[in-house]
Amino acid sequence: MSKKEEIAKFMEMVKAKNPNEPLFHQAVQEVCESVWDVYQQNPKMVEAKILERMVEPERAISFRVPWVDDKGEVQINRGYRVQFNSAIGPYKGGLRFHKAVNLDTLKFLGFEQTFKNSLTTLPMGGGKGGSDFDPNGKSDAEIMRFCQSFMTELFRHVGADTDVPAGDIGVGGREIGYLFGQYKRLKNEFTGVLTGKGQTWGGSVIRPEATGYGAVYFGQEMLKRVGKEFKGLKVVVSGFGNVSWGTVKKLTELGAQVVAISGPDGYITESEGFDDEKIDYMLVMRSSGRNKVQDFADKFKSAKFFAGKKIWEVPCDVAMTCAIQNECNEDDVKLLIKNGCKMLLEVSNMGCTAEAAKLAADKILFAPGKAVNAGGVSVSGLEMTQNSERLGWTPLEVDNKLHQIMKSIHDACVKHGTVKGKTNYINGANIAGFMKVAQAMLEQGIV
Ligand code: 2IT
């Protein structure tokens, strides 16, 4: 059998066991294609069925989340926690509140998280959770009641040494606060059970910025290898949430020109670049719960709104996906390249379709989300360390450590992904992330 046929056979098994989960299949397929050779070269791993075990979550919990809205009407959502892999540390990964969340979404994210967390160099396993709860247009009181109900079930499955959730799309500082409050009340325990906490109650400095800053640090390393820097480059950044905000902030600091951001309603171009006021306004848009990037163009005259259009049509030197999975497809990549784009960074998890990622990796500089966006969970890991020490570090200390981690992830991608002088960051990230988890699983026996 050829390698392609072997992978197809493996995927048949995965698809039969996990029907109707296209996102999970996409994530598994990508990892298989990258690691197949190194896996086959380790007969002990093959014999121990490491890959077959890795695609099976250790545990997946689904639960009812009932709550009462402001009108007094009872609402029912579904909550989840997928505890994917604990070979190298407690389960770790965010919670996503988004109307499209289902088990498929969280299995793909939990699977990706396992490799990402392995890349960070910190001792964290992989997990992900969330709900199909749609935070758009909900009042603060509704958000609180939902979070309290969600934690009333989740609390029995998590813990500082068991599983440590954090934020993701739809879950930021406010939601982590309500979730933490309810956990503390139920357990009568003040522990580091969640990361992304407020800075006066155990949160780490730089955690809100970490995903975006880390992505830019990773991009800096890629550019450095080809003798370039961000200064003076035009960058397109999709989304306007937490990840986009941190990305725009760091890019601007480094002298890059952010030319466009986007939302579910379209995109805006900004001819004058971003200053502090505009960057702060991204936070205002996010907390408004309106989810409309048009608000930016209504506020700033230098911005222009393009309703219903995809941001990838804006000419740029660098493009960064910072919104959601599969937001950039093959046609988008073709258009980006045609308009002069030289580097595409996946910052959202699996921001590109499989075809888009392959094309970009072939034609321009490209790196996958599990490497590029690992700065967020890295600073979460540093928050766990600070909580264990009962100490808080300075911004400089945390930022330096984040920088160092991103550099080491970049170097691991280059080390494992370079064949005949050409670096494929997808293969590098998958192989480096996989080998560490696989080795740990091998040493811990059939569990
Ligand atoms: O996708 C991610 O890495 C996150 N949402 C952050 C996870 C975390 O535990 O900080």
Side-chain angles (χ1 to χ4, degrees), residues 23 27 80-86 88-98 101 105-131 154 158-173 175-176 179-180 192-198 202-215 218 239 241-247 321-325 327 345-351 368-387 398 401-402 405-406 409 429 433:
L23 294 170
Y80 303 89
R81 186 71 183 165
V82 180
Q83 299 181 328
F84 224 104
N85 193 301
S86 63
I88 63 167
Y91 308 108
K92 180 84 195 88
L95 297 171
R96 177 175 293 191
F97 293 171
H98 187 278
V101 160
T105 320
L106 299 175
K107 279 170 72 177
F108 119 64
L109 288 164
F111 185 72
E112 292 272 298
Q113 197 82 42
T114 302
F115 302 96
K116 181 196 311 191
N117 293 3
S118 164
L119 286 169
T120 66
T121 69
L122 304 173
M124 299 182 289
K128 202 85 186 191
S131 174
L154 187 70
V158 297
D161 293 314
T162 307
D163 183 355
V164 183
D168 192 83
I169 295 170
V171 178
E175 291 75 18
I176 293 293
L179 292 162
F180 185 81
V193 65
L194 292 159
T195 60
K197 299 185 290 298
S204 176
V205 289
I206 314 278
R207 178 63 190 88
E209 292 86 350
T211 311
Y213 279 20
F218 194 95
N242 167 262
V243 175
S244 313
W245 167 76
T247 301
T321 72
C322 297
I324 201 161
Q325 69 270 4
E327 57 178 298
L345 296 177
E346 225 183 29
V347 193
S348 46
N349 291 303
M350 212 163 75
K370 60 170 79 71
V372 178
N373 74 26
V377 75
S378 296
V379 174
S380 276
L382 301 177
E383 182 169 326
M384 289 167 73
T385 310
Q386 293 169 77
N387 292 166
V398 177
K401 285 198 162 67
L402 170 62
I405 289 171
M406 296 316 296
I409 298 174

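Counting convention: from 1, in listed order, for ligands and their atoms alike.
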Fill in: Contact (N/O only, under 3.5 Å) between Gln113 and ligand 1
yes
If you count the atoms of ligand 1 from 1 in the order shown, which ones are under 4.0 Å from a heavy atom of [X]?
| X | value |
| --- | --- |
| Ala166 | 8 (C), 9 (O), 10 (O) |
| Lys92 | 8 (C), 9 (O) |
| Lys128 | 1 (O), 2 (C), 4 (C), 5 (N) |
| Gly167 | 4 (C), 5 (N), 6 (C) |
| Gly93 | 7 (C), 9 (O) |

Worksheet item: Under 3.5 Å, is there a donor-acceptor pair between the Lys116 and Asn373 side chains?
Response: yes
Discussion item. Could you tell me if Glu346 and Thr321 have a donor-acceptor pair between their side chains, going purely by distance under 3.5 Å?
Written reply: no
Worksheet item: What residue and atom, counting heavy atoms only, is the protein's closest point to atom 7 (C) of ligand 1, and at what distance?
Response: Gly94 N, 3.5 Å
Discussion item. Tell me whether Glu112 reaches ligand 1 (any heavy atom closer than 4.0 angstrom to a ligand atom).
Written reply: no
Worksheet item: Is the closest heavy atom of Lys116 to ligand 1 under 4.0 Å?
Response: yes
Worksheet item: For Pro90, which residues count as a side chain to side chain contact (heavy atoms under 4.5 Å, CB included) partner, sequence neighbours excluded?
Response: Met384
Worksheet entry | Ser244: partners by side chain to side chain contact (heavy atoms under 4.5 Å, CB included), with sequence neighbours left out | Val237, Met282, Cys322
Worksheet item: If you round to the nearest 0.5 Å, how far is CG of Leu106 from CZ of Arg96?
Response: 7.5 Å
Worksheet item: Would you call Glu383-Lys197 a salt bridge at under 4.0 Å N-O?
Response: yes
Worksheet entry | Arg81 with Asp163: basic N within carboxylate O range, under 4.0 Å | yes
Worksheet item: Can you tell which part of Asn349 has a heavy atom less than 4.0 Å from ligand 1: side chain, backbone, both or neither?
Response: side chain
